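Structure first, then comments.
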Amino acid sequence: MFGYIKPFRPELKIREAEDYKAVYCGLCKELGRSYGLFARMTLSYDFAFMAMFFMSIDKEACPSFEKCSCIAHPFRKQCRCTQNKALSVAAKAAMILIYYKIKDDLSDKGFLNRLRAVLLLPFTSSARKKALELGGEAEKIDLAAKRMIAEQRAVEAKKSPLSDEAAEPTANFLSEIISLGGNGENNRILERFGYLLGRYIYLCDALDDIEDDIKKGNYNPFIYGGEGAVSEAKSVLFMTTAELSDDLELLELDKYKEIVENTVCLGLTAEVKRIINKKGGEQNG
Amino acid sequence: MKDINAAYDQIQKDRKAGKTSYGNSGSYSYGTYGTGNASYNNYGSGYSQNSQFSDVRRLIQQNRIAEADEILDGVPEYNRNAEWYFLKGSIYYRRGWLGEASRCFQRAYQMEPGNREYAAAYQRMAYQQQYGSSPGRTTQTQFYGCPCDCCDCCTAMMCMDCIGDCLCGNGC
């Protein structure tokens with residue numbers, strides 16, 4: 001996805017930051033191991049959070065760690081989370097989603113985007129095949145992603161001025177993915193959590209791209225708001241992050257509780273503020 | 001599973017109920033807003049006694065959102081009062097359509113400013129829009145990273161830090 005789900009570092013304890021990094025490295029390794037070097041380059045914060053979240057809600061999960069060296073950090077050994085189910089689900093979701101995004105780009109207006117898509121398609125399509133071969137949840141994820149892309153196209157064709165409607169395909173997709181980690185008892189809470197998280201990602205991306213989309217004439221649900229687009233976006237995003245924090249409170253988190261809470265309750269709003277500040281837009285406090 | 005769902009509903013309900021005790025609406029302030037996570041699905045507790053839409057309220061309570069929505073949509077435009085907008089907002093809220101939900105709550109509040117139920121729903125969302133968290137929560141980020149020169153300097157330092165991190169790992 002797009003890297004909008006990050007912990008708020010100033011409030012992380014050092015050991016929490018280490019844990020987070022270890023999961024991040026673990027996901028990178030898992031991508032490389034199962035899908036090759038290309039896949040490692042698609043590593044993102046969003047899926048690292050997803051893996052961590054799955055470990056957090058699964059009481060049975062018992063992540064272990066190892067010291068290892070890494071190309072990106074050649075001079076120092078890193079601590080890394082070893083392979084486990086949560087990492088493998090997050091990696092599958094990442095590969096399948098990227099395949100569908102790239103496939104969707106094939107029909108993009110911009111020539112460069114199309115070219116990039118043509119070049120990347122073979123890699124992503126073989127990664128998706130591998131994910132499907134690994135089985136497990138891959139098939140469900142694949143169906144959900146396919147549906148999301150189709151729904152997204154429909155919304156864009158309709159040029160809906162409602163940000164709620166525009167965000168729904170992504171929200172539904174993440175709702176399905178996140179509830180894969182459910183144990184039957186907490187599924188309802190997870191569904192809403194996933195829904196809101198997907199909504200957050202979509203709306204953050206839309207906010208980030210407002211100027212670009214206006215210039216290129218692309219669809220963006222916020223451009224219909226004219227002058228007030230940024231503040232409108234901020235309002236809906238802040239409502240979404242507030243609801244996410246409330247929903248999280250209902251979940252029983254096991255390990256990494258602090259990091260997940262930090263990310264959801266602090267990281268998400270901080271990211272919205274960062275995007276708005278980057279635009280040099282209105283200030284807030 | 002059933003128990004859990006019932007408990008979930010109960011928690012949601014309690015959340016709303018706990019917050020409806022925030023004193024009179026005249027001296028309303030966020031600080032006194034009960035224990036925090038106010039929501040507005042507390043149907044049935046007194047408010048709904050003279051409700052025009054008690055059937056819709058019941059459906060929402062039972063989480064039969066689609067049916068409730070259908071009934072509301074069947075109400076002709078000229079018959080849509082403040083309660084209609086409030087209930088429509090509640091349905092949007094349940095579906096996660098927060099933008100539309102807040103618009104509906106605002107409309108309900110404007111049509112009937114004296115109604116505490118509508119006011120609570122509207123004010124809670126207005127608070128969320130401003131702060132990114134619900135009333136009563138203490139976890140809020142301090143504003144950081146302003147678009148001024150001194151902060152560009154900080155950003156530069158942070159970038160340096162990242163580069164250092166890349167080269168020598170996390171300990172250097």
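First the proteins, then the strands, lettered A, B, ... as listed; each starts at 1. Keep in mind that what you see is a predicted model, and the values were worked out from it rather than measured.
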Legend entry - CA sep, side-chain torsions, deciding dist, call: A:Leu237, B:Gln129, side chain to side chain contact (heavy atoms under 4.5 Å, CB included): CA-CA 8 Å; A:Leu237 274 161; B:Gln129 290 181 0; over 6 Å; no
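- In this structure, the side chain of A:Arg192 does not engage the main chain of B:Arg95 through any donor-acceptor pair within 3.5 Å.
- Interface remark: A:Ser163 contributes no atoms to any contact with chain B (heavy atom separation under 4.5 Å).
- What you find for B:Glu100 and A:Leu162 is that their closest heavy atoms are OE2-CD2, 3.2 Å.
- Between B:Gln128 and A:Phe238, the closest heavy-atom pair is O-CB, 3.2 Å.
- For B:Gln110, the CD atom sits in a packed shell: over 12 heavy atoms of surrounding residues, nucleotides or ligands are nearer than 6.0 Å.
- A:Arg199 and B:Gly99 get closest at one heavy-atom pair: NH2-N, 3.8 Å.
- Residue B:Arg80 qualifies as enclosed at atom CZ: its count of foreign heavy atoms under 6.0 Å is above 12.
- The shortest heavy-atom contact between A:Asp246 and B:Ser134 is OD2-OG, 2.6 Å.
- Sparse packing is recorded around CD of A:Glu252, with 12 or fewer heavy atoms of other residues, nucleotides or ligands lying under 6.0 Å away.
- The two residues A:Thr269 and B:Tyr131 come nearest to each other via the heavy atoms CG2-O, 4.5 Å.
- Formation of a donor-acceptor pair under 3.5 Å by the B:Ser133 side chain with backbone atoms of A:Ala242 is not found in this model.
- Here the shortest heavy-atom pairing between A:Lys234 and B:Gln130 reads NZ-O, 4.1 Å.
- If you measure heavy-atom distances from A:Glu168 to chain B, the contacts under 4.5 Å come from the side chain alone.
- Between A:Thr240 and B:Leu98 there is a side-chain heavy-atom pair separated by less than 4.5 Å.
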